[in-house]
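Read the structure below first, then the notes.
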Amino acid sequence: MLCGLRRDTKSSIDEGPYSKGSKETTDQSHSSRGRSLSAEEYRGVTTVELMKREGSSLGLTISGGSDKDGKPRVSNLRAGGLAARSDQLNVGDYIKSVNGINLSKLRHDEIISLLKNIGERVVLEVEYELPPFVQNPSGIMTKNIEVCLHKEGNSFGFVMRGGFHEDRRRSRPLVVTGVRPGGPADREGTLKAGDRVLSIDGMPLNRERHAETLTMLMQSGQEALFLIEYDVSVMGE
């Protein structure tokens with residue numbers, strides 16, 4: 001694999017129906033095809049799997065519950081904790097279920113007890129805010145760059161949101177929403193929040209769901225080559 005080679009490239013990959021700036025997938029579709037999407041339909045759903053040692057914690061704080069104001073959601077990720085190091089969760093994500101147990105009817109204390117006493121394998125059904133569609137304003141152009149990252153545990157040190165959906169209005173590019181301080185992507189220094197991940201080791205992601213992309217990351221080797229799309233200001237145009 002040419003992981004030692006990084007180069008800028010023109011933004012020529014076929015990113016599919018949710019390419020950033022695509023005329024067909026801008027928010028004009030918010031009211032097209034007969035009806036607008038509800039707030040919940042502008043959220044994505046993915047599966048997060050964590051493996052923890054017996055007696056250890058997940059390193060996250062959950063707020064909400066049936067007796068509280070709002071659905072269960074991640075209110076804090078402890079720096080260095082298992083959840084933060086997994087690079088699969090963001091503060092503000094909603095937790096729909098834990099190991100198949102629906103949380104919608106559980107009180108806050110019941111949710112905390114469930115998480116505290118869960119086994120070593122923890123499977124979370126996570127709902128998150130979809131990245132917004134953004135058309136490139138004048139004075140902004142996109143470029144591509146290949147970035148080689150070395151895995152740390154099962155992660156490369158950044159969080160992504162978005163992915164393919166059969167409903168074009170809910171498809172998004174795979175957008176970097178966070179780069180973990182001190183992690184592989186942060187140490188390499190290229191990747192920034194807002195960048196789009198177009199491919200992994202030459203495999204295009206334009207038809208991949210978020211959960212499928214996470215699986216690809218976990219199953220990849222200790223180093224991987226990412227094709228990244230990013231924005232550049234063009235002065236004087």
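Between the side chain of Lys151 and the main chain of Ser220, a donor-acceptor pair closer than 3.5 Å is present. Side chain of Arg187 to main chain of Gly182: a donor-acceptor pair is present (N/O by atom type, distance under 3.5 Å, no hydrogens or angles). The backbone N or O of Gly59 lies less than 3.5 Å from no partner atom in the side chain of Asn76, so there is not a single donor-acceptor pair. The main-chain N or O of Gly194 is found under 3.5 Å from a side-chain atom of Arg196 such that the two form a donor-acceptor pair. Listed for the Thr47 side chain is no donor-acceptor partner under 3.5 Å among the backbone atoms of Glu125. With hydrogens and angles disregarded, no donor-acceptor distance shorter than 3.5 Å links the side chain of Lys143 to the backbone of Ile228. Formation of a donor-acceptor pair under 3.5 Å by the Gln219 side chain with backbone atoms of Met216 is not found in this model. Judged purely by atom type and a 3.5 angstrom limit, Asp87 uses its side chain to pair as donor or acceptor with the backbone of Gly157. Side chain of Asn117 to backbone of Ser113: a donor-acceptor contact under 3.5 angstrom is found.
Here the closest non-hydrogen pair linking Ser66 and Ser104 is CB-O, 4.0 Å. The nearest pair of heavy atoms linking Arg161 to Pro131 is O-CG, 3.7 Å. Contact detail for Arg43 and Arg170: the closest heavy-atom pair is O-NH2, 3.2 Å. Summarising the geometry of Val126 relative to Leu89, their closest heavy-atom pair is CG2-CD2, 3.7 Å, with the distance given to 0.1 Å. When every heavy atom of Gly65 is checked against every heavy atom of Ile111, the shortest pair comes out as CA-CD1, 4.0 Å. Between Glu146 and Leu227, the shortest heavy-atom distance links the atoms CG-CD1, 3.9 Å.
No hydrogens or angles considered: nothing links the side chains of Asp231 and Thr142 as a donor-acceptor pair under 3.5 Å.
Partners of Glu120 by side chain to side chain contact (heavy atoms under 4.5 Å, CB included), not counting sequence neighbours, listed by chain and number: Glu54.
To the nearest 0.5 Å, atom CG of residue Leu50 and atom CG of residue Leu124 are 5.5 Å apart. Remark: Thr61 OG1 to Leu77 CG distance equals 8.0 Å, nearest 0.5 Å. Note that CE of Met141 is 8.5 Å distant from OH of Tyr230, once rounded to the nearest 0.5 Å. The structure places CD of Glu49 at 9.0 Å from OG1 of Thr215, a figure rounded to the nearest 0.5 Å.
Follow the hydrophobic side-chain contacts under 4.5 Å out from Ile118 and you never reach Tyr94; the two are in separate clusters. Note on Ile95 and Leu82: same hydrophobic cluster, where clusters join Ile, Leu, Val, Met, Phe, Trp and Tyr whose side-chain heavy atoms are under 4.5 Å apart, directly or indirectly. Grouping the Ile, Leu, Val, Met, Phe, Trp and Tyr side chains by contacts below 4.5 angstrom, directly or via other members, places Val45 apart from Leu214. One hydrophobic cluster, built from ILVMFWY side chains closer than 4.5 Å, holds both Val147 and Leu205.
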**Study point:** Evaluation steps, side chain to side chain contact (heavy atoms under 4.5 Å, CB included), between Asn90 and Val74
**Key:** CA-CA 7 Å; Asn90 281 323; Val74 178; over 6 Å; no
Review point. Does the salt bridge (charged side-chain N to carboxylate O under 4.0 Å, His left out) test come out yes or no for Glu129 and Arg172, once each step is laid out?
Key: CA-CA 11 Å; Glu129 300 290 341; Arg172 297 291 191 278; over 6 Å; no
Practice item. Under the side chain to side chain contact (heavy atoms under 4.5 Å, CB included) rule, what do Lys71 and Glu127 come out as? Steps first, then yes or no, please. Key: CA-CA 11 Å; Lys71 297 189 298 184; Glu127 186 179 69; 2.9 Å; yes
Practice item. For the pair Glu152 and Arg180, evaluate side chain to side chain contact (heavy atoms under 4.5 Å, CB included) and give the outcome as yes or no after the intermediate values. Key: CA-CA 12 Å; Glu152 186 177 84; Arg180 175 164 49 87; 3.4 Å; yes
Practice item. Mind running side chain to side chain contact (heavy atoms under 4.5 Å, CB included) on Thr190 and Leu149 for me, showing each step along the way? Key: CA-CA 10 Å; Thr190 302; Leu149 296 176; over 6 Å; no
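Counting only residues at least two apart or on different chains, the side chain to side chain donor-acceptor pair (under 3.5 Å) pairs with a member in residues 77-86 are Ser57-Arg78.
Within a 6.0 Å sphere centred on CE of Met51, other residues, nucleotides and ligands contribute more than 12 heavy atoms.
Note on Glu166 versus Arg209: salt bridge recorded, some NZ/NE/NH1/NH2 to OD/OE distance being below 4.0 Å.
Residues Tyr128 and His210 place their aromatic rings such that the two centres sit under 6.0 Å apart.
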